[in-house]
Number of protein chains: 2
Amino acid sequence: MARATGCNLETIRYYEKIGIMPDPPRSVKGYRSYDDAHVKRLNFVMRSRDLGFSLEEVRGLLGLVDDQSRTCAEVQVIAEDHLTDVRAKIADLKRIERVLSDTVARCTGDAAPECAVIDALLEA
Amino acid sequence: MARATGCNLETIRYYEKIGIMPDPPRSVKGYRSYDDAHVKRLNFVMRSRDLGFSLEEVRGLLGLVDDQSRTCAEVQVIAEDHLTDVRAKIADLKRIERVLSDTVARCTGDAAPECAVIDALLEA
DNA sequence: CTTGAGCCTGTATCAACTACAGACCCTAGA
DNA sequence: TCTAGGGTCTGTAGTTGATACAGGCTCAAG
């Protein structure tokens, strides 16, 4: 399944341990054997993670997927909360980007000990 | 010093343990006593962290601050590397924001089990 | 004299993995 | 048949940047 999905082997076993993935059936010698349902579920997890959902959020989403009586509204709440987080992170990084690029732009980049970056970090 | 800087007490001691902050002199009873130089250094660390520098990067910057023969060029390299990281993170989050907001926009938000977000996560 | 606050050390916890160690097992080639 | 190499198994420790205790000492105010 690691090969099929591109997911790290250890990560799959980690997901199993924390209950994100179900315990798969085992061969006589104890080897895990996965089927299409497992692969599908892992892909769901990977796509969710790729969109920045935390494992707890993924757990919530999986619970809704498994539950036939789930509603679109329930999913929407999780997704919108996450979207809010993402937007806050972007705003924060943009602030950092602005400060940092402004400061670096004032660097001479030469062999002198005076440096705009150091000055900025030293001053309030 | 925690009050003076707004830094968490445990965090200051953590910085001391990992060598970011120097071991301060102690009173007879073992209480740490800090002076202006400590406060200044901690402020430097806090501002660096606020700009998203990792503690290892902060360590590097502090090394350069302490070193009289440091050059602007050396600092510039660290800052520009970090700026590249920050820009990459912004780009990544923007991609996520786009996908997520497009998908959430297709949510009906009603009590039906059909959900655009789940569909998007289930499909390749 | 007590009560509450502050400081001390040291260890455990968090997320989300990753990286081993040490033991099996299985297949292909000599 | 033997062996070399890869794969799998379990279980534990490490990563980053803190934060949260537990259990004990000290100190100032009332």
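Chain identifiers are assigned alphabetically (A, B, ...) following the order of the sequence lines, protein sequences preceding nucleic acid strands; residue numbering begins at 1 within each chain.
The interatomic distance linking B:Ile12 (CD1) with C:dC7 (P) rounds to 9 Å, in whole Å. In this structure, A:Met21 atom CE and C:dC17 atom P are separated by 13 Å, rounded to whole Å. In this structure, CG of B:Leu42 is placed 14 Å from C1' of D:dA18, rounded to the nearest angstrom. The interatomic distance linking A:Tyr14 (OH) with D:dT15 (C1') rounds to 13 Å, in whole Å.
Note on A:Thr11: every side-chain N or O is 4.0 Å or more away from OP1 and OP2 of C:dA16. Look at B:Tyr15 and you won't find any side-chain N or O under 4.0 angstrom from OP1 or OP2 of D:dG17.
Salt-bridge formation is detected for the pair B:Arg59/B:Glu56: a Lys NZ or Arg NE/NH1/NH2 atom is positioned less than 4.0 Å from an Asp or Glu carboxylate oxygen. Using a 4.0 Å cut-off between charged side-chain N and carboxylate O, A:Arg41 and A:Asp66 make a salt bridge. Using a 4.0 Å cut-off between charged side-chain N and carboxylate O, B:Glu123 and A:Arg47 make no salt bridge.
Using a 4.0 Å cutoff on non-hydrogen atoms, no part of residues 50-63 of chain A comes near DNA chain D.
A:Glu97 pairs in a salt bridge (Lys or Arg N to Asp or Glu O under 4.0 Å) with only one of the listed residues (B:Lys94, B:Arg87, B:Lys89), which is B:Arg87.
If you chain together hydrophobic residues whose side chains sit under 4.5 Å apart, B:Ile96 and A:Val77 never meet in one group.
For residues 17-29 of chain A, no pair satisfies side chain to side chain donor-acceptor pair (under 3.5 Å), with sequence neighbours left out.
In terms of heavy atoms, A:Cys107 sits closest to B:Gln76 at CB-NE2, 3.5 Å.
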- prompt: What string of B, S and - do you get for nucleotides 9-14 of chain D 5' to 3' if you count protein non-hydrogen atoms under 4.0 Å?
  reply: BB-B--
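Of the N and O atoms on the side chains of B:His38 and B:Asp35, at least one donor lies less than 3.5 Å from an acceptor on the other residue.
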